[in-house]
Amino acid sequence: MSRVDDGVFVVCDGMGGAPAGEVASEMAIQAIARELNGHTNGEAVSSSPFLPHTTRLLDAVRQSNEFIYGEAQKDPSHAGMGTTVVGAWIHEQIAGVAHVGDSRAYLWHNDRLEPLTRDHSLMEAHIEAGLVEQGQRLPAEQQNALVRVLGREPAVEVDVTEVPVQAGDYVVLCSDGLTRMVPEAELAKAIQTFQEPQQICDHLIAAANENGGADNITVVVVKVTGGWWHQLINGVGSHLKRK
Amino acid sequence: MSKLTLQYEGIVLKDYAIGPGVTIGRLPDNAVIIDNPAVSGHHARVFLEGHQVILEDLRSTNGTFVNGRPITRHALQHGDEVLVGKHSIVFDQNAVEPQPVAPPLESLGDTVYLDTKQHRALRATLESARADAAKSVNARPAPPVVTATRRVGVLRVVAGRSDQDEYDLAPHTSLIGRSDTSLVRLRGWFKPSVAVAIARSGNSYIATPLGGKTLINEERLDGRRVLQEGDILNVSGLVLEFCWKDAVHAESAA
């Protein structure tokens, strides 16, 4: 989902192995859009350590979790559905980022790629605990295991961060279909080489497919540019490849 | 990925991932910027060579030291403490991230989710592993770990029009500007909507200029900057001093 005028960008990746993963990611997008269209809750905002727009994004992601969980309880064919989510809302030059699962957000700033999210995966949990070394891999059945997703529990912990963005910066949101196939260095090179968001997206999707991409790949590249009165986000390219 | 942790007098300022070429120095074009007269413009660099992480002194005036010894070129080991001027940089080999390199296709199974029960079991395993790791480091001095609770910074108004004398930097991001989401409101039609964002990062605050003209210690603030006690910010005419709050409050609470 990209709402360029509002500066809102969301990527969801339904869980392929779980039933109705595609339905879940669709529901998440709709629920988030609905929440963001609604009126702000001024009281909730004032107690948050984040800026109002980031807090609204966080609330919307929480609400979407409740919604998907509720739907899954009602309909047996949707039982156990889940999805990842990574959303960014860029407002007054501050990007608020919320995420659950292994879809990622990166900031390109000063010719450097900075990760804004940390995967909620079994792999990442093992790394944090010092149980695996660089380059080592978990047994195949654990390789793709997530420890947090939307829609599988009545409530979910959402990771949130905020980062200032300046003219020349890029914000990249992507699903694991990209990050499993394309090294971060190549992502950095693509931004440096092509500069135009759509070209960057096209190149990344092509590179992932060349490397044997078998999963859904979703990439959103947002270029931040300077304006006279305010910053504008003028370039958005995204590409969705479905199986 | 390995990482470098920049510290000053035991306080962690920032973590840096080791990319293809990380330079350390005083000038703003370095990846690790240390704004201190004891540090050369381009002081040292860190780069990957095969499986090794190499630290190289770039003929700096005051030299680069690893664990107290001067070096010109050194293969970093886990826990090495690099001294550049008065700042130390600790090398952490274990801050690994999953290899983003393409895995073979047969292992590309569908993503699965661990349910609450599996998750709890996992958490227990991970916590005991962490405890074991903590015990085993006694054998060898570990890099200093800062466990102090998060300090809160404040901006004190030195000169200019403002609605408060002092602002606590409690939120994740504090804005200075004309916008109504700003913590520090600038008055006047021609003031920038958002002039500066001050974001918490671990135990430090990073100021980023976003609009208008901002000076720090009478020099133009033209990129991200870690705030130090006593830094003077001049944001479109409003003069603010950055200080740490905890010292004052800890004493009065004791």
Side-chain angles (χ1 to χ4, degrees), chain A residues 13 15-18 49-54 82 92-94 102 109-110 112-113 115 119 121-135 137 140-141 143-147 149 152-153 160-164 166 176 179-185 188 211-212 214-215 229-231, chain B residues 1-2 17 19-20 22 28-29 31 51 93-116 118-119 122-123 125-130 132-133 170-173 175 177 179 181-182 193-194 196-200 206-211 223-224:
Chain A
D13 186 14
M15 310 220 353
F50 295 98
L51 293 168
H53 67 281
T54 312
E92 286 182 334
Q93 304 176 62
I94 305 293
D102 64 354
H109 174 80
N110 259 352
R112 259 159 42 98
L113 196 63
D119 292 352
S121 64
L122 192 57
M123 185 71 191
E124 192 67 30
H126 273 74
I127 289 164
E128 259 175 59
L131 289 179
V132 286
E133 295 285 318
Q134 182 158 28
R137 290 209 270 124
E141 73 277 8
Q143 189 66 29
N144 300 327
L146 297 183
V147 295
V149 293
R152 289 292 294 269
E153 312 273 343
V160 181
T161 189
E162 284 173 340
V163 67
Q166 291 169 281
D176 70 330
T179 46
R180 279 171 198 277
M181 289 298 154
V182 177
E184 287 178 0
N211 292 346
D215 203 358
W229 280 109
H230 35 233
Q231 295 296 97
Chain B
M1 203 188 290
S2 317
V22 175
D29 61 344
H51 292 292
Q93 179 93 63
N94 296 338
V96 285
E97 268 181 43
Q99 289 272 70
V101 178
L105 269 181
E106 61 271 17
S107 74
L108 243 188
D110 282 320
T111 307
V112 293
Y113 171 66
L114 295 179
D115 64 26
T116 314
Q118 289 169 305
H119 199 169
L122 165 78
R123 212 168 248 180
T125 319
L126 295 179
E127 257 152 37
S128 73
R130 237 177 247 142
D132 287 350
H172 186 276
T173 309
L175 303 179
S179 129
T181 49
S182 299
S193 147
V194 178
V196 181
I198 298 177
R200 296 193 79 124
I206 296 168
T208 308
L210 294 173
R224 289 185 196 168

Return the option, out of B:Gly177, B:Gly223, B:Ser179, B:Ala199, with the maximum number of heavy-atom pairs under 4.5 Å with chain A. B:Ser179
Partners meeting side-chain contact (heavy atoms from CB on, under 4.5 Å) with B:Asp29 (sequence neighbours left out): B:Leu27, B:His42
Under 4.5 Å from a heavy atom of chain A, the part of B:Ile206 involved: neither
Does the side chain of A:Val163 reach to within under 4.5 Å of the side chain of B:Thr208, using non-hydrogen atoms? no
Looking only at non-hydrogen atoms, find the nearest pair between B:Thr181 and A:Glu92 and report the distance. OG1-OE1, 2.9 Å
Which residues pass the ring pair (Phe, Tyr, Trp, His ring centres under 6.0 Å) test with B:His172, sequence neighbours left out? A:Phe50
Treating A:Gln166 as the side-chain partner and B:Pro209 as the backbone partner, does any N or O pair qualify as donor plus acceptor under 3.5 Å? yes
Honestly, the part of A:His109 sitting under 4.5 Å from a heavy atom of chain B is side chain
Heavy-atom closest pair (A:Arg112 atom, B:Ala17 atom, distance to 0.1 Å) is NH1-O, 4.4 Å
